[in-house]
Amino acid sequence: MSAPFNFSAGPAMLPAEVMQQAQEEFLNWNHLGISVMEISHRDPVFVRMAEQAEQDLRELMAIPDNYRVLFMHGGGRGQFSAVPQNIAGPADTVDYLNSGIWSEFAIREAEKYVNHVNVVASTLVTEQGKAIAAQENWQLSPHAAYFHYCPNETVDGIALHQVPDVAVPIVADMSSNILSEPLDVSKFGVIYAGAQKNIGPSGLAIAIIRDDLLGHAQRNTSTIMDYTVQAKEGSMYNTPNTFAWYLAGLVFQWLKRQGGVEAIGQLNRAKAAKLYEFIDQSSFYHNPVHPDYRSIMNVPFLLADDSLNDIFLQQAEAAGLLGLKGHRFVGGMRASIYNAMPMAGIDALLEFMCEFERKV
Ligand SMILES: *Cc1c(COP(=O)(O)O)cnc(C)c1O
């Protein structure tokens, strides 16, 4: 059988080229005769690599100079507590948009660290599917310390395609859409992302923080989660996840070779459009999200006959299409089509879906 296509939501597939390179230099990195995992994070050779990775990310995202880039521990969810602890006081109110399951988790975590988490709006069900209320209907608080949202809800497949227009610093959980298309970083106070969707191995989180938001951490913030300390220490207050950092660096270089976020964004939109178009013209498959709020990274779909789910997944796997099971909270199927998924993966999936519908 030819190599499978891996539609896992996360940890997700990584570019084949990157995996190949990592394999080739696994035992002998940089002609040192040892692995990148076996060297001090203070060694100048490692530090050079680490700085290059940050530089490449800065170039890819056009991150302005007044932002710090941190390589943090604890994945995406680690940032759910890091954000309120670092940029709000215990007596503050913070605003959260609830657009899906990850937003809900972020809200519950923030509630531990601030006086009041104000949910400005939640998802709605419209005739055309799940959607997010228009901004004029949000209940924003007058003095929030920040506004938090998740532009791409990985589980629900719901996306907000415009950056909200609010008066306070915007914090965005971009775990599943970072680097997927061009973005104006200067509109944000904090951008964070767990690495395992579009960047590298799990455990690592990238946090991009505007300078003026540093220096306000709550007194009892744990030191490894303190943005100000980590910014001062170059993300090496303690030993960082050196292997994940290295692999992230390889992915950034790969993305530059693909033409950066402009080019990958075009490809991502084309991949998603092809999939949605097929699903929409079918009466056998169904996507539950309003067309204006559909993710280009995570495409959930349901079968008209739910009892066929297991056999669909079994046959897909046998055909080399892996990781299509929907999240346990929502059921159905989900195709996660991050940067590393080539168009050939979409074509293979569509061919299978067509064939499955024809046969049953
Ligand atoms: C995957 C994901 C997370 C959780 O990341 P962990 O690294 O498992 O903590 C958080 N938010 C979003 C949007 C995600 O897709």
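Heads up: numbering here begins at 1 and tracks the sequence. For the numbers below, each heavy atom of this structure counts, side chains included, while hydrogens, waters and symmetry mates do not. First listed ligand is number 1; within each ligand, the first listed atom is number 1.
- Looking from atom 1 (C) of ligand 1 to the surrounding protein, the closest heavy atom is Lys197 NZ, 1.3 Å.
- Residues Trp29 and Phe46 approach most closely at CH2-CA, 4.1 Å, considering heavy atoms.
- What sits closest to atom 9 (O) of ligand 1 on the protein, heavy atoms only, is Arg77 N, 2.8 Å.
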* To do: Go through the steps for Gln315 and Glu355 under the test side-chain contact (heavy atoms from CB on, under 4.5 Å), then give the verdict.
  => CA-CA 11 Å; Gln315 291 188 8; Glu355 191 60 15; over 6 Å; no
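- Numbered from 1 in the order shown, with element, the atoms of ligand 1 that lie under 4.0 Å from a heavy atom of Cys150 read 13 (C).
- Interface atoms of ligand 1 facing Thr154, defined by a heavy-atom separation under 4.0 Å, are 12 (C), 13 (C), 14 (C), 15 (O).
- Among all heavy-atom pairs drawn from Ala53 and Gly249, the shortest one is CB-CA, 3.8 Å.
- The protein heavy-atom contact nearest to atom 8 (O) of ligand 1 is Gln196 NE2, 3.3 Å.
- Donor-acceptor pairing under 3.5 Å is recorded for the side chains of Asn339 and Asn268.
- Near Ser176, with a cut-off below 4.0 Å to any heavy atom, the atoms of ligand 1 are 15 (O).
- No part of Tyr192 comes within 4.0 Å of ligand 1, judged by heavy-atom distances.
- Side-chain N/O atoms of Tyr149 and Asp95 include no donor and acceptor closer than 3.5 Å.
- What you find for Ala88 and Tyr146 is that their closest heavy atoms are CB-CE2, 3.9 Å.
- Of the N or O atoms in Asp173, one or more lie within a sub-3.5 Å distance of an N or O in ligand 1.
- Counting heavy atoms closer than 4.0 Å to ligand 1, residue Glu153 contributes nothing at all.
- Assignment of Phe80 to the shell around ligand 1 is supported, since a heavy atom sits closer than 4.0 Å.
- The pair Glu181-Arg269 meets the salt-bridge criterion, since a charged nitrogen lies less than 4.0 angstrom from a carboxylate oxygen.
- Using a 4.0 Å cut-off between heavy atoms, Ser202 makes no contact with ligand 1 at all.
- Against a heavy-atom cut-off of under 4.0 Å, Gly75 is close to the following atoms of ligand 1: 7 (O), 9 (O).
- In terms of heavy-atom proximity, Val114 sits nearest to Gly89 at CG1-O, 3.8 Å.
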